[in-house]
Amino acid sequence: MERGELTAERAVELYLERIEAVDGRLHSVIEINPDARAIAAQLDQERKDGKVRGPLHGAPILIKDNIDTADKMQTTAGSLALEGSIAARDSAVAERLREAGAVILGKTNLSEWANFRSTNSTSGWSGRGGLTHNPYVLDRNACGSSSGSGAAASASLCAAAVGTETNGSIVCPSSINGLVGIKPTLGLVAQAGIIPIAHTQDTAGPMARTVLDAALLLDALADPGTRKEDRYAAFCVAGKLKGARIGVARQLMGRRDDADKLAEEAIAALEAEGAEVVDIEGLPEGGATGDAGYQVLLYEFKADLNKYLAGLGPQARVKSLAEVIAFNETNADREMPYFGQEHMIRAEEKGGLDSPEYKKALALTKRMAQAQGIDKAVDRYKLDAILAPTTGPSWTTDLVNGDHGSGGSSSLAARAGYPNITVPMGLIHGLPVGVSFFGKAWTEPRLIEIAYGYEQATKQRRPPQLIPSLEA
């Protein structure tokens with residue numbers, strides 16, 4: 001675009017052609033912005049007039065369908081209960097993207113209600129959007145809940161995409177779809193206008209094909225009131241692995257020998273670039289907080305979702321969690337053909353955020369993830385980052401039995417509200433897996449330096465080929 005070889009309007013046309021050609025097999029895009037071409041033309045005129053808003057000026061970006069846009073697109077979290085709901089104002093994310101000159105090309109499919117509906121859900125399925133498929137092997141799962149953002153960005157249906165995460169919903173689909181995903185520190189990206197699960201964990205973040213693209217998108221998304229750096233992309237520079245001290249969380253390994261082998265290769269690559277890699281012990285086990293982390297989500301989901309729904313306009317079918325549950329029961333043939341709404345029912349049974357049970361659970365969860373978890377390990381071992389495999393390879397989608405997963409390392413950083421970056425680290429039977437780098441709050445700059453250095457040293461990403469099945 002700077003050289004005049006491509007316009008924003010032409011870029012939009014090319015991505016729309018790509019969506020038309022490919023997405024019938026992926027079901028990753030739930031809605032196209034009907035104003036995308038007009039917005040792109042306006043941005044092209046701005047460029048001709050000498051006004052360039054930044055690196056994202058004219059870049060077509062897809063965003064998850066739980067992020068409000070005050071335009072002609074709906075915001076539904078994939079639920080038929082919110083079909084037709086159009087936000088009265090932009091979310092903070094959409095507002096920041098528009099200010100940066102990005103073209104919001106459309107919205108992506110997701111695990112309905114960001115995967116906080118059923119104990120037996122299938123990631124990437126929503127009543128409104130159907131099932132998202134993995135672009136590497138189509139009968140495999142795209143993970144979630146940012147399934148559509150992961151599949152679409154991986155298959156080059158956009159320049160990059162925005163996902164959201166409460167626990168794993170950016171890093172898992174990024175890992176399984178061969179992307180870089182950045183789950184930022186809680187508060188770096190403003191939550192306003194995102195259909196919530198839990199305000200003590202929810203955040204939007206970038207999903208892109210390279211660390212630099214992800215950092216450029218983070219620059220656009222970051223809230224000016226909380227950001228610690230002017231430009232996160234400035235930390236995508238060579239030579240920053242030398243002297244980096246990285247701790248290996250081996251207790252988060254051991255699920256699969258093939259994923260562990262790739263992690264060992266990642267460690268060797270980091271050491272070859274001058275990083276000091278040490279084994280660490282003592283991170284809280286997944287069960288260290290018992291049921292507390294889940295209780296936090298139940299309480300906050302009820303409170304936060306009721307607040308969001310109550311603020312919707314008169315066109316909204318539902319104005320409370322109780323009404324969503326009732327809608328799903330009335331429309332079970334369309335909304336619950338494969339799995340139910342156990343999480344929602346349990347959340348509805350909870351009291352308010354003044355409940356002693358909630359306060360105790362939240363304090364325990366944060367203490368174990370922060371002071372007794374990441375903070376303690378980083379300080380004890382003098383670390384710049386902690387390393388673990390992000391996930392194993394994708395599993396075959398099974399709508400009857402639900403997800404059967406392949407392991408993950410997202411919970412500690414998610415519950416702490418701390419940053420986590422995943423980068424492609426290789427393929428297992430043609431299916432991508434990522435390596436995660438996470439650390440203390442507001443350490444995005446150092447994590448980006450490490451992630452970029454690792455990416456440039458290894459260049460593990462391979463584009464998807466939309467293979468129907470490994471057995472084909």
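Distance alone, capped at 3.5 Å, places no donor-acceptor pair between the R415 side chain and the Q370 backbone. Between the side chain of E449 and the backbone N or O of F235 there is no donor-acceptor pair closer than 3.5 Å. Proximity of a side-chain donor or acceptor of H404 to a complementary backbone N or O of T396 within less than 3.5 Å is detected. Judged purely by atom type and a 3.5 angstrom limit, E323 uses its side chain to pair as donor or acceptor with the backbone of K319. With hydrogens and angles disregarded, no donor-acceptor distance shorter than 3.5 Å links the side chain of E112 to the backbone of S126. A donor-acceptor contact shorter than 3.5 Å is absent between the side chain of S175 and the backbone of V171. Looking only at distances, a side-chain donor or acceptor of D202 sits under 3.5 Å from a matching main-chain atom of I197. Remark: the backbone N or O of G181 is not paired with any side-chain donor or acceptor of T422 at under 3.5 angstrom. With hydrogens and angles disregarded, no donor-acceptor distance shorter than 3.5 Å links the side chain of R209 to the backbone of V180. At least one donor-acceptor pair under 3.5 Å links the side chain of S79 to the backbone N or O of A81.
Across every non-hydrogen atom of T390 and V435, the tightest pair is OG1-C, 3.2 Å. Residues L26 and A155 share a closest heavy-atom pair of CD1-CB, 3.6 Å. Contact record, E281 with Q251: C-OE1, 4.4 Å, taken as the closest heavy-atom pair. In plain terms, the two heavy atoms of N177 and A142 that are nearest each other are ND2-O, 3.0 Å. Counting all heavy atoms, side chain and backbone alike, S111 lies closest to G124 at OG-N, 2.9 Å. Taking both residues in full, the closest heavy atoms of A114 and K64 are given as CB-NZ, 4.5 Å, listed atom of the first, atom of the second, then distance.
Side-chain contact between L188 and W442 is present, with heavy atoms from C-beta onward closer than 4.5 Å. For the pair P419/P184, no side-chain contact is recorded, criterion being any heavy-atom separation below 4.5 Å from C-beta on. Counting heavy atoms from C-beta on, the side chains of D304 and Y308 never come closer than 4.5 Å. Considering only heavy atoms from C-beta on, T75 stays 4.5 Å or farther from I67 through its side chain. Put simply, the side chain of N167 reaches to within 4.5 Å of the side chain of S410, judged on heavy atoms. Considering only heavy atoms from C-beta on, V93 comes within 4.5 Å of V189 through its side chain. You'll find the side chain of I63 reaches within 4.5 Å of the side chain of I104, heavy atoms only. Residues N331 and L80 are not in side-chain contact: their nearest non-hydrogen atoms beyond the backbone lie 4.5 Å or more apart.
Separating the OG atom in S174 from the CD atom in E165 is a distance of 8.5 Å, to the nearest 0.5 Å. Atoms CE and CG, from M207 and L179 in turn, are 6.0 Å apart once rounded to the nearest 0.5 Å. For the atom pair NE2 of H343 and CG of N115, the computed distance is 7.0 Å after rounding to the nearest 0.5 Å. For the atom pair N306 CG and L321 CG, the distance stands at 5.5 Å (nearest 0.5 Å). Note: L110 CG to S147 OG = 7.0 Å, rounded to the nearest 0.5 Å. Taking CG of D279 as the start and CE of M253 as the end, the distance is 8.5 Å to the nearest 0.5 Å.
Here K440 pairs with D379 in a salt bridge; the nearest charged N to carboxylate O distance falls below 4.0 Å.
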One pair to check against salt bridge (charged side-chain N to carboxylate O under 4.0 Å, His left out): R346 and E349. What are the steps and the verdict? CA-CA 5 Å; R346 291 171 188 172; E349 293 169 351; over 6 Å; no
Determine, step by step, whether T203 and Q191 satisfy the side chain to side chain donor-acceptor pair (under 3.5 Å) criterion, reporting the C-alpha distance in whole Å, the side-chain angles of both residues, the deciding distance to 0.1 Å, and the verdict. CA-CA 6 Å; T203 182; Q191 294 175 336; over 6 Å; no
Just do the side chain to side chain donor-acceptor pair (under 3.5 Å) check on T69 and D90 with the steps written out, would you? CA-CA 4 Å; T69 54; D90 272 342; 5.3 Å; no
Could you check R89 against E95 for salt bridge (charged side-chain N to carboxylate O under 4.0 Å, His left out), going step by step and ending with a plain yes or no? CA-CA 9 Å; R89 60 168 295 172; E95 195 173 80; 3.6 Å; yes
Step-by-step salt bridge (charged side-chain N to carboxylate O under 4.0 Å, His left out) determination, R227 to D219: CA-CA 9 Å; R227 66 187 305 150; D219 280 333; 3.3 Å; yes
Applying side chain to side chain donor-acceptor pair (under 3.5 Å) to Y338 and N401, what does each step give before you reach the verdict? CA-CA 9 Å; Y338 306 112; N401 295 303; over 6 Å; no
Trace of the side chain to side chain donor-acceptor pair (under 3.5 Å) decision for Y454 with Q460: CA-CA 10 Å; Y454 170 74; Q460 288 290 351; 5.1 Å; no
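Checked against E31 for a salt bridge (Lys or Arg N to Asp or Glu O under 4.0 Å), the options K107, K72, R128 give a single hit: R128. Screening T443, T185, D375 for a side-chain hydrogen bond (donor to acceptor under 3.5 Å, both in side chains) with Y418, the sole residue that qualifies is D375.
Side-chain contact of S118 with E342: a donor-acceptor pair under 3.5 Å is present, judged by distance alone. Looking only at atom types and distance, the side chain of Q341 has a donor-acceptor partner in the side chain of N328 under 3.5 Å away. E455 and T210 are not linked by any side-chain donor-acceptor pair at a separation below 3.5 angstrom, with hydrogens and angles left out of the test. Side chains of N109 and S28: no donor on one and acceptor on the other come within 3.5 Å. With no hydrogens or angles considered, no side-chain donor-acceptor pair links R117 and S145 at under 3.5 Å. In the model, N66 has a side-chain atom that pairs as donor or acceptor with a side-chain atom of T164 under 3.5 Å.
Checked against the 6.0 Å centroid threshold, W125 and F339 count as a close aromatic pair.
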